[in-house]
Amino acid sequence: MFCASPRRRLSRADRSSPLLNKLGCTLAAFVVQSKQFPVARNNCAKTVAVHVAARCALDWKVRCDGKRRRPESLLIMSEESVTDDLEVTKNTPPVATIAEIGRHEGQSVTLRGWLYNSRESGKLLFPIFRDGTGSIQGVAHVKSVTPEVFEKLKGLTQESSVIVTGKVRADKRAPGGYELDVEDVHVVQRVPESDPYPITLKEHGVDFLQERRHLWVRSPRQSAILRIRAEIMRAAAEYFDSNGFIRTDPPILTPAACEGTSTLFPVDYFGDPAYLTQSGQLYIESTALALGKVYSFGPTFRAEKSKTRRHLTEFWMIEPEVAYMDLDGLMELAENFITHVIESVLKNRAPELHVIGRDAAKLEAIKAPFPKLRYDEAAEMLNQAYKDGKLEAPFEYGNDFGSPDETWLSSQYDRPVMVHRYPANVKAFYMDPDAKDPRYALCVDVLAPEGYGEIIGGSQRVSSYELLSSRIDQHKLPRAAFEWYLDLRRYGSVPHSGFGMGIERLVAWVCALDHVRETIPFPRMLNRMYP
RNA sequence: UCUUCAGUAGCUCAAUGGCAGAGCAUUCGGCUGUUAACCGAAGGGUUGUAGGUUCGAGUCCUACCUGAGGAGCCA
């Protein structure tokens, strides 16, 4: 058996191959011509047969059964094995995914997956299978399958890996709408009773689950969250890619602090000190002045000893940076960007939102423009809230907002709220002062609704060499390490702006999770490095 | 760094200072439509660690360890 790389187009002759009919499966059998396996037009079944599995992923568009399909894998059987394998192919129903099982109603299919759970009622077995795309309940009656299959299924343990064949049947009682009447089962690996799968369908504590994160990701809820995360990352990159941005990723190993504030992870770089990046911002300011509109997308590291539901020590950030963009342009960019990501999740991950019990109506309300508040206005609201007894601590004008302040502010709106023009002295050294009143910085924080706090922080950057130079001195930053950054103001400096968005906080909000640890496959936290 | 809470069976949790318990999981038995199935039975314990108070400590006290939430800081 050979694996073929699916680069060729199918010819008309392939599509009308008699093999399709011969094999009698809707999705899957083709004859392919190639130099490696020359075939005669009308005699191809004897030389090379290609079985295109029904699951999908590759870039082929195959026409069969009147519909376009995207086959996932294909096996080319050698000349010698054609006869035998054709028999096998005849007898093995096409591989299907549970997510798309409805296309096979009334037909026999092969599922490759795991046993999620098993119930039994006397002579009736109800094994529930999952395959990564979803789950489906199988039904096996002692009289409907061979005794061998019945016994195999009866003693099967949770999370054993199985290849199961059966007939798809629509059933009103089934949560997914379909059930599988089991015909045959092949147990790939059986989990032993003596050491059963640790994560049962009952409740578990946070610590227990986190110690077993490598298994926890199999649970329906965690899988759904990771699917939503993937969609958020895809849609985020898509927004910038399709709006003229060039992705330029900054280094992860850096010689010095980017912002001079956060705590960094030191690493030994051939005997010299180096640090894991806490932000790519300074570097993409450079590429923005080279390419105009750029973004970066990658992991960042903060060694702060924060243990809250909003913090990870390793998290992913997407950061756009645009030459000649001012703060107003940046705020518009941020709201359009978030709107696009939310729309994509609603469009492409509705089933997953349902699995995790997320109220989609709350996300449907997320449309640009977002409410915008000056820092002063927000401060006034917080003072009033304190007077009304809605906040425990009074807000001190001139400070940055605390977590309870952010939570209260964001809970006042049904969409993200943008707070801009903070006092310059509580913000980073690279933020441009407002020309109308230099006590304020041209910066913006985007606070997610429902109390999820800051998801975006951005600003217009200082473009004056003199100002930046004096700021670096004021903040007592190591000047030598910032010479290259000052060069950006020596040579063709322009106003420019950018923001950073933390992926995990966005995922936590979109999924309405209690904690960011569930938003990333393997969270890294203050007290957690395993697995 | 500060602060609050928690640690008992594989898991989730009970137990007034007085015999160490339940549900789930595992094993065995029963059930022809179960939805975290159900019913019956069995096995399963150095109560985080080290001290202390007490006739007697899972329970009270001290220290430490581990975990969780919050503050600060941040995305």
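Just so it is clear: chains get the letters A, B, ... in the order the sequence lines come, proteins before strands, and each one is counted from 1.
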Sugar-phosphate only, base, or nothing, as touched by A:G402 at under 4.0 Å among non-hydrogen atoms: sugar-phosphate
Pairwise P distance for B:U12 and B:C19, with rounding to whole Å: 26 Å
- Task: Determine the interatomic distance between P on B:G45 and the same-named atom on B:U8; round to the nearest Å.
- Result: 15 Å
Within residues 177-185 of chain A, the residues having a heavy atom closer than 4.0 Å to RNA chain B are A:E179
**Asked** When we call it a touch if two heavy atoms are under 4.0 Å apart, what does A:T300 touch: a base, just sugar-phosphate, or nothing?
**Response** nothing
Under 3.5 Å between N/O atoms: give me all the protein pairs with nucleotides 65-68 of chain B, atom names plus distance.
unit_1	atom_1	unit_2	atom_2	d
B:G67	OP1	A:N527	O	3.2
B:A68	OP1	A:Q210	NE2	3.4

Notebook entry, point to check: Thinking salt bridges, do A:D445 and A:K427 make one under a 4.0 Å N-O criterion?
Noted result: yes
Practice prompt. Indicate the ring-plane relationship of A:F337 and A:F499, choosing parallel, tilted or perpendicular according to the 30° and 60° boundaries.
Written response: tilted
Ranking A:R169 and A:P196 by the position along RNA chain B of their nearest nucleotide, the one closer to 5' is A:P196
Atom CG of A:D400 and atom C1' of B:A71 are separated, to the nearest Å, by 15 Å
- request: Describe the nucleic acid contact of A:N117 in one word from base, sugar-phosphate, nothing, applying a heavy-atom distance below 4.0 Å.
  value: sugar-phosphate
Extract from the structure each pairing of a protein N or O with an N or O of nucleotides 6-11 of chain B at less than 3.5 Å, listing the distance.
unit_1	atom_1	unit_2	atom_2	d
B:C11	O2'	A:E203	O	3.1
B:C11	O2'	A:H204	ND1	2.6

Exercise for the section: Can you tell me, in whole Å, how much space there is between the P of B:U4 and that of B:C74? Expected result: 25 Å
To the nearest 0.5 Å, atom OG1 of A:T97 lies from atom CG of A:D131 at 6.0 Å
The residue among A:R190, A:Q189, A:R218 that forms side-chain hydrogen bond (donor to acceptor under 3.5 Å, both in side chains) with A:E159 is A:R218
side-chain hydrogen bond (donor to acceptor under 3.5 Å, both in side chains) filter on A:R227, not counting sequence neighbours, yields none
From the list A:T287, A:D241, A:T248, A:N243, side-chain hydrogen bond (donor to acceptor under 3.5 Å, both in side chains) with A:Y295 holds only for A:D241
Requested in this report: Please indicate whether A:E380 has more than 12 foreign heavy atoms, meaning atoms of other residues, nucleotides or ligands, lying under 6.0 Å from its CD.
Outcome: no
Ignoring hydrogens and angles, are the base of B:G72 and the side chain of A:S306 linked by a donor-acceptor pair under 3.5 Å? yes
Using a heavy-atom cut-off of under 4.0 Å over every strand shown, decide if A:R221 touches base, sugar-phosphate, or nothing.
-> nothing
Margin query: Just N and O in the side chain of A:R309: are any of them under 4.0 Å from OP1 or OP2 of B:G70?
Written below: yes
Margin query: Using atom P in both nucleotides, what's the gap between B:C65 and B:A22 to the nearest angstrom?
Written below: 36 Å
Next on the checklist: So, does A:T308 get its side chain near the phosphate of B:A71, meaning an N or O under 4.0 Å from OP1 or OP2?
Outcome noted: no
Original post:
Under 3.5 Å, is there a donor-acceptor pair between the side chain of A:R119 and the main chain of A:F126?
Top reply: no
Sorted by chain and residue number, the side chain to side chain contact (heavy atoms under 4.5 Å, CB included) partners of A:I163 (sequence neighbours excluded) come out as A:T110, A:R112, A:H186, A:V188
Separation of B:U26 atom P from A:Q158 atom CD, nearest Å, is 8 Å
field: Touch class at under 4.0 angstrom, heavy-atom based, for A:I128 against every strand present
entry: nothing
Between CZ of A:R310 and P of B:A75 the distance, given in whole Å, is 12 Å
Residue set satisfying side chain to side chain contact (heavy atoms under 4.5 Å, CB included) with A:I252, at least two apart, ordered chain then number -> A:L276, A:T277, A:P299, A:F301
Taken in chain and number order and not counting sequence neighbours, the residues that satisfy side chain to side chain contact (heavy atoms under 4.5 Å, CB included) with A:T146 are A:E148, A:V149
Rounded to whole Å, the NE2-P distance (A:H311 to B:G69) equals 12 Å
Here the distance between atom P of B:C74 and atom CD of A:E504, to the nearest Å, is 19 Å
One should read off an interatomic distance between A:L391 CG and A:L382 CG, to the nearest 0.5 angstrom, of 6.0 Å
- Task: Before accepting this row, confirm whether a basic side-chain N of the pair A:R229/A:E504 lies closer than 4.0 Å to the acidic partner's carboxylate O.
- Result: yes
Donor-acceptor contacts, no H, no angles, side chain residues 199-208 of chain A, under 3.5 Å, sequence neighbours left out:
unit_1	atom_1	unit_2	atom_2	d
A:T200	OG1	A:K202	N	3.3
A:T200	OG1	A:H204	NE2	3.2
A:H204	NE2	A:T200	N	3.0
A:H204	NE2	A:T200	O	3.2
A:H204	NE2	A:K202	O	3.4
A:D207	OD1	A:R528	NH2	2.8

Lys/Arg-Asp/Glu bridge criterion (N-O < 4.0 Å) met for A:R234, A:E231: yes
Legend entry - Integer angstrom distance from the C1' of B:U62 to that of B:G23: 36 Å
A:R119 CZ to B:A25 P, in whole Å, measures 12 Å
Any stem touching RNA chain B, meaning at least three consecutive Watson-Crick or G-U pairs under 3.5 Å, ordered by first number, would be B:1-7 with B:65-71, B:10-13 with B:21-24, B:26-30 with B:38-42, B:48-52 with B:60-64
note: A:Q278, atom CD; B:C73, atom P; distance rounded to Å ~ 16 Å
Side-chain contact check for A:R173: nearest option of B:U1, B:U35, B:C73 is B:U35
Item to check | ring centroid sep under 5.5 Å plus plane angle under 30, A:F315 with B:A75 | outcome: yes
side-chain hydrogen bond (donor to acceptor under 3.5 Å, both in side chains) filter on A:R358, not counting sequence neighbours, yields A:E450
Point to revise | Side chain to side chain, A:M381 and A:W408, heavy atoms closer than 4.5 Å | key: yes
| query | Can you tell me how far P in B:A63 sits from the matching atom in B:G21, rounded to whole Å? | reply | 33 Å
Rounded to whole Å, the CG-P distance (A:L264 to B:C74) equals 13 Å
RNA chain B nearest-nucleotide lookup for A:G457 and A:T157: closer to the 5′ end is A:T157
Could you write out each protein N or O paired with an N or O of nucleotides 29-32 of chain B at a distance under 3.5 Å?
unit_1	atom_1	unit_2	atom_2	d
B:C31	N3	A:G122	N	3.0
B:C31	N4	A:E120	OE2	3.0
B:U32	N3	A:H141	NE2	2.5
B:U32	O4	A:H141	NE2	2.9

Hits for ring-ring contact (aromatic ring centres under 6.0 Å, His included) against A:Y422, two or more places apart or cross-chain, chain-then-number order -> A:Y375, A:F401
